[in-house]
Amino acid sequence: MAKLQPVRGTHDLLGEDARRHRHVVETALATAARYGFSEIQTPIFEFTEVFARTLGETSDVVSKEMYSFTDRGGETITLRPEGTAGVARALISGGLTQDLPLKLFYQGPMFRYERPQKGRQRQFHQIGVELLGVPAPQADIEVITVGADILDALGIFDGVVLELNTLGDTESREAYRTALVDYLIGHKDGLSEDSLRRLEVNPLRILDSKDEGDRAIVANAPSFGDYLNAASQDFYGTVKAGLEAVGVPYRQNDRLVRGLDYYCHTAYEFVTDRLGAQGTVMAGGRYDGLVEMMGGPSTPGVGWAAGIERIAMMIEAPAAPARPVAVIPVGEEAAIAAIKLSHDLRKAGIAVEMGYSGNLGKRMKRANKLGASHAVILGETELENGVATVRDLDSGTQTEIALGKIGDHLKAEV
RNA sequence: GCGGGUGUAGCUCAGCUGGUUAGAGCGCCAGAUUGUGGAUCUGGAGGUCGUGGGUUCAAGACCCAUCACUCGCCCCA
């Protein structure tokens with residue numbers, strides 16, 4: 001470390017960036033609240049097992065991207081790489097299965113040891129929702145709809161496309177998986193190196209390979225739709241009908257898959273072409289097997305997560321904070337009076353800036369730079385008369401106003 | 001983890017085929033203006049040219065390594 005610098009893939013957030021970030025979180029939380037979601041904050045670290053068990057030992061996230069360490073008590077701990085596992089753990093350990101159905105919203109930092117890129121950092125932030133305890137497709141519809149509504153509230157819905165697919169129930173998925181592997185083994189010679197590896201680990205993933213050779217083979221592969229049993233078809237049909245009813249457009253994407261075993265039925269992603277290689281803005285699916293896999297009672301669930309940084313890059317800049325009023329003392333005597341006046345005005349709900357040094361000219365200059373709407377000048381002559389000079393910095397006009405009435409005057413002006 | 005690009009002041013960048021004291025604009029500080037800002041003018045601060053090696057009489061420029069950012073792959077939000 002030659003120079004003091006932030007750890008690779010981490011960033012400081014300030015000014016407009018911080019405002020964008022906050023705006024995403026607040027908009028999402030407020031929107032989700034209208035759908036009955038309430039916030040849950042789970043710890044930033046969990047026992048490593050929580051993630052290893054749920055994400056699968058073979059997944060990239062678990063096998064090479066986790067920030068894991070042994071703490072001073074000898075426990076194996078991992079900084080959370082995603083939010084669902086922690087929520088599922090909380091459901092089990094907190095006995096929340098008594099309160100089903102549950103609609104939870106979360107937000108916060110996640111950690112993955114990945115190569116940083118635009119829209120991909122090692123510490124990144126997600127918002128997400130989980131709807132637990134509802135086996136019916138109405139839950140899927142509601143979860144996708146709240147996501148769409150959030151993107152709409154953030155003004156980026158027109159920059160995004162909802163891609164939708166179904167993985168069917170376990171029976172359908174196993175049947176398809178077998179058929180797909182049989183087919184792919186027959187074309188083994190033409191598959192890319194990556195896909196040969198996927199064939200072992202996660203064959204469904206080959207469906208969305210970007211390799212041209214793979215694509216040619218995949219084009220003639222058996223179709224998932226042919227392997228869906230009646231129940232799975234019904235389920236998916238209801239989800240689609242629901243989305244149509246609420247007017248959320250979607251694009252069927254047969255190649256959209258989820259790697260992990262506990263995913264079933266609905267899989268979806270809101271994607272964009274505005275962020276380069278990082279096209280996925282919000283993604284999720286149904287995970288009926290997850291809670292049981294973690295050792296809890298069989299509990300269906302559906303949810304999504306979205307990258308705050310990615311969304312923050314897409315939205316319009318949020319409104320800047322309200323313009324402050326600059327309180328300017330002139331001379332020693334006025335200093336304390338100015339502190340009191342500032343305090344009173346702030347108590348009255350007005351944003352006040354009062355510099356720490358400088359003469360009137362310098363303070364005026366600073367007030368201008370801060371974008372102050374008014375300067376409230378408090379000098380000896382004003383003090384004697386119990387007034388302050390209130391100058392409108394846009395028009396340049398100024399009047400003397402009694403100290404007790406300044407708050408009201410300023411509020412009336414704005 | 002793999003492949004490509006970039007790295008000069010707080011910011012955006014210039015710096016010719018290596019040549020002597022590294023520049024501009026914006027921003028910052030100060031003064032013109034010791035109770036009145038925005039404009040203008042004047043002056044000033046700020047750079048081990050990402051870092052470490054190497055080649056050369058001479059390196060910001062060339063070579064190697066390394067760090068960071070960036071684009072794509074992998075994976076994913």
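All values derive from a computational prediction rather than experimental measurement. Per chain, numbering begins at 1; letters A, B, ... match sequence-line order.
Using Watson-Crick or G-U wobble geometry with both donor-acceptor distances under 3.5 Å, B:rC2 finds its partner in B:rG72. Judged by Watson-Crick or G-U wobble contacts below 3.5 Å, the nucleotide B:rC16 has no partner. Partner assigned to B:rG10 is B:rC26, using Watson-Crick or G-U wobble distances below 3.5 angstrom. In a base pair of the Watson-Crick type (N1 to N3 plus N6-O4 or O6-N4) or a G-U wobble (N1-O2 and O6-N3), with each distance short of 3.5 Å, B:rU34 is matched with no nucleotide. Searching all strands for a Watson-Crick or G-U wobble partner of B:rU48 with both distances below 3.5 Å returns nothing.
Separating the C1' atom of B:rG52 from that of B:rC67 is a span of 10 Å, rounded to the nearest Å. With P as the reference atom, B:rU21 and B:rC64 are 28 Å apart, rounded to whole Å. Between B:rU56 and B:rG72, the two P atoms lie 41 Å apart (nearest whole Å). Separating the P atom of B:rG60 from that of B:rG53 is a span of 14 Å, rounded to the nearest Å. Nucleotides B:rG47 and B:rG5 have their C1' atoms positioned 25 Å apart, rounded to a whole Å. Between B:rC13 and B:rG38, the two C1' atoms lie 28 Å apart (nearest whole Å). With C1' as the reference atom, B:rG37 and B:rA32 are 16 Å apart, rounded to whole Å. B:rA24 sits 16 Å from B:rC49 when the C1' atoms are compared, rounded to a whole Å.
Residue contacts shown for A:Glu82 are absent, as no nucleic acid heavy atom lies under 4.0 Å away. A:Asp394 comes within 4.0 angstrom of a nucleotide base, judged by non-hydrogen atoms across all strands. Heavy atoms of A:Glu380 sit under 4.0 angstrom from at least one base atom. Across all strands, A:Gly331 comes closer than 4.0 Å to no nucleic acid atom at all (heavy-atom distances). As judged by a 4.0 angstrom heavy-atom cut-off over every strand, A:Ile377 is placed among the base-contacting residues. Across all strands, A:Ala367 comes closer than 4.0 Å to no nucleic acid atom at all (heavy-atom distances).
A distance-only check finds no donor-acceptor pair linking the side chain of A:Asp152 to the backbone of A:Phe157 [under 3.5 Å]. Not one N or O on the side chain of A:Lys411 forms a donor-acceptor pair closer than 3.5 Å with the backbone of A:Gly349. The main-chain N or O of A:Glu174 is found under 3.5 Å from a side-chain atom of A:Thr178 such that the two form a donor-acceptor pair.
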* Go through A:Asp394 and A:Arg323 one step at a time and tell me if the salt bridge (charged side-chain N to carboxylate O under 4.0 Å, His left out) criterion holds. => CA-CA 12 Å; A:Asp394 294 330; A:Arg323 298 172 71 187; 3.0 Å; yes
* To do: Run the numbers on A:Arg122 and A:Glu114 for salt bridge (charged side-chain N to carboxylate O under 4.0 Å, His left out), then give the verdict.
  => CA-CA 6 Å; A:Arg122 289 184 174 181; A:Glu114 289 187 282; over 6 Å; no
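Distances were taken from every side-chain heavy atom of A:Arg112 (C-beta onward) to each of B:rC76, B:rG1, B:rU36; the shortest belongs to B:rC76. For A:Arg197, taking side-chain heavy atoms from C-beta onward, the closest of the listed nucleotides B:rA77, B:rG37, B:rC74 is B:rC74. For A:Met364, taking side-chain heavy atoms from C-beta onward, the closest of the listed nucleotides B:rC29, B:rG37, B:rG35 is B:rG37. Ranking B:rA30, B:rC74, B:rA77 by closeness to the A:Arg198 side chain, first place goes to B:rC74. Among the nucleotides B:rC28, B:rA77, B:rC75, the one closest to any side-chain atom of A:Lys369 is B:rC28.
Look at A:Lys240 and A:Glu244 and you find no salt bridge, because none of the NZ, NE, NH1 or NH2 atoms lies under 4.0 Å from a carboxylate O. Salt bridge absent: A:Arg112 and A:Glu82 never bring a charged side-chain N and a carboxylate O closer than 4.0 Å.
In the model, A:Thr48 has no side-chain atom that pairs as donor or acceptor with a side-chain atom of A:Thr76 under 3.5 Å. For A:Gln252 and A:Tyr236, the side-chain atoms include at least one donor-acceptor pair closer than 3.5 Å.
Considering A:Leu290, A:Asp288, A:Thr170, A:Thr166 as possible partners of A:Cys264, the one that fulfils the side chain to side chain contact (heavy atoms under 4.5 Å, CB included) test is A:Asp288.
In this model, the phosphate group of B:rA30 is approached by a side-chain N or O of A:Lys362 to a distance below 4.0 Å at OP1 or OP2.
Shown for residues 304-324 of chain A: residues whose heavy atoms fall under 4.0 angstrom of RNA chain B, namely A:Ala305, A:Gly307, A:Arg310.
When ring centroids are compared, A:Phe105 and A:Phe37 stay outside the 6.0 Å threshold.
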N/O to N/O distances under 3.5 Å, protein versus nucleotides 68-72 of chain B:
unit_1 : atom_1 : unit_2   : atom_2 : d
B:rC69 : OP1    : A:Gly9   : N      : 3.1
B:rC69 : OP2    : A:Arg8   : NE     : 3.1
B:rC71 : OP2    : A:Lys118 : N      : 2.7
B:rG72 : OP1    : A:Ala277 : N      : 3.0
B:rG72 : OP2    : A:Ala277 : N      : 3.4

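Here the P atom of nucleotide B:rC76 and the CD1 atom of A:Ile127 are 20 Å apart, to the nearest Å.
Contact of A:Arg391 with B:rG37 (side chain to base): a donor-acceptor pair of N or O atoms is detected under 3.5 Å. Evaluation of atom-type donor-acceptor distances gives a pair under 3.5 Å for the side chain of A:Glu382 against the base of B:rG35.
Each of A:Gln121 and A:Thr389 lies near RNA chain B, and the nucleotide nearest A:Thr389 is the one positioned closer to the 5' end. Heavy-atom distances to RNA chain B give each of A:Thr397 and A:Thr280 a nearest nucleotide, and the one nearer the 5′ end belongs to A:Thr397.
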Contacts under 3.5 angstrom, residues 304-312 of chain A side chains, donor-acceptor by atom type, not counting sequence neighbours:
unit_1   : atom_1 : unit_2   : atom_2 : d
A:Trp304 : NE1    : A:Val143 : O      : 3.0
A:Glu309 : OE1    : A:His125 : N      : 2.9
A:Glu309 : OE2    : A:His125 : N      : 3.3
A:Glu309 : OE2    : A:His125 : ND1    : 2.7
A:Arg310 : NE     : A:Gly119 : O      : 2.8
A:Arg310 : NH1    : A:Thr280 : O      : 2.8
A:Arg310 : NH2    : A:Gly119 : O      : 3.2

